[in-house]
Amino acid sequence: MSSLQIDAVLSQIRAMQSQIKGVGAPQNDVAKIAGVESAVQAPTSSFANVLKQGLDSVNQAQARAGDLATKFEQGVPGVELPQVMLEMQKASVSFRAVAEVRNRFVNAYQEIMNMPI
């Protein structure tokens with residue numbers, strides 16, 4: 001993987017982190033005191049939306065890799081093996097990342113459920 005591709009992946013990760021950090025920002029204390037919490041607008045990107053966007057991008061990467069592999073197998077001109085292998089690896093890495101996030105959520109859920117009340 002070239003350094004340009006690594007930089008692109010890192011910038012995507014940083015963008016997703018900034019979206020997530022924007023969701024967890026505390027509300028204005030003045031709004032809480034005045035009792036107008038409902039008047040404060042909710043952020044446009046909720047955690048569920050960020051998670052769905054991530055899953056959609058993984059799905060697109062896997063579909064793109066599958067299509068490219070099929071085209072290579074059919075002998076479509078312009079589709080080369082290194083290109084197919086790169087797309088397959090991107091899809092694999094993104095799927096492993098999603099699986100790791102899922103595992104961490106399951107662990108956090110189990111910890112919360114095992115806490116004494």
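Side chains are part of it too, since the values below use all heavy atoms of this structure and drop only hydrogens, waters and symmetry mates. Numbers here simply count residues along the sequence, with the first being 1. Owing to the predicted nature of the structure, the values given are computational and were not obtained by experimental measurement.
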Hydrophobic cluster identity match, [X] and [Y], side-chain contacts under 4.5 Å:
X      : Y      : value
Met113 : Phe105 : no
Leu81  : Leu86  : no
Val101 : Val106 : no

Any chance you could measure [X], atom [atom1], to [Y], atom [atom2], to the nearest 0.5 Å?
X      : Y      : atom1 : atom2 : value
Glu80  : Leu68  : CD    : CG    : 10.5 Å
Lys90  : Ser57  : NZ    : OG    : 12.0 Å
Asn107 : Arg102 : CG    : CZ    : 10.0 Å
Met115 : Gln110 : CE    : CD    : 12.5 Å
Ser92  : Met85  : OG    : CE    : 10.0 Å
Gln60  : Leu55  : CD    : CG    : 11.5 Å

Salt-bridge present (Asp56, Lys52; N to O < 4.0 Å):
yes
Please determine whether a side-chain nitrogen of the Lys or Arg among Arg96 and Glu100 lies less than 4.0 Å from a carboxylate oxygen of the Asp or Glu.
no
All heavy atoms of Ala91 vs all of Ala61, minimum pair found to be CB-O, 3.8 Å
Which pair of heavy atoms, one from Val79 and one from Phe72, lies closest together, and at what distance?
O-CD1, 3.4 Å
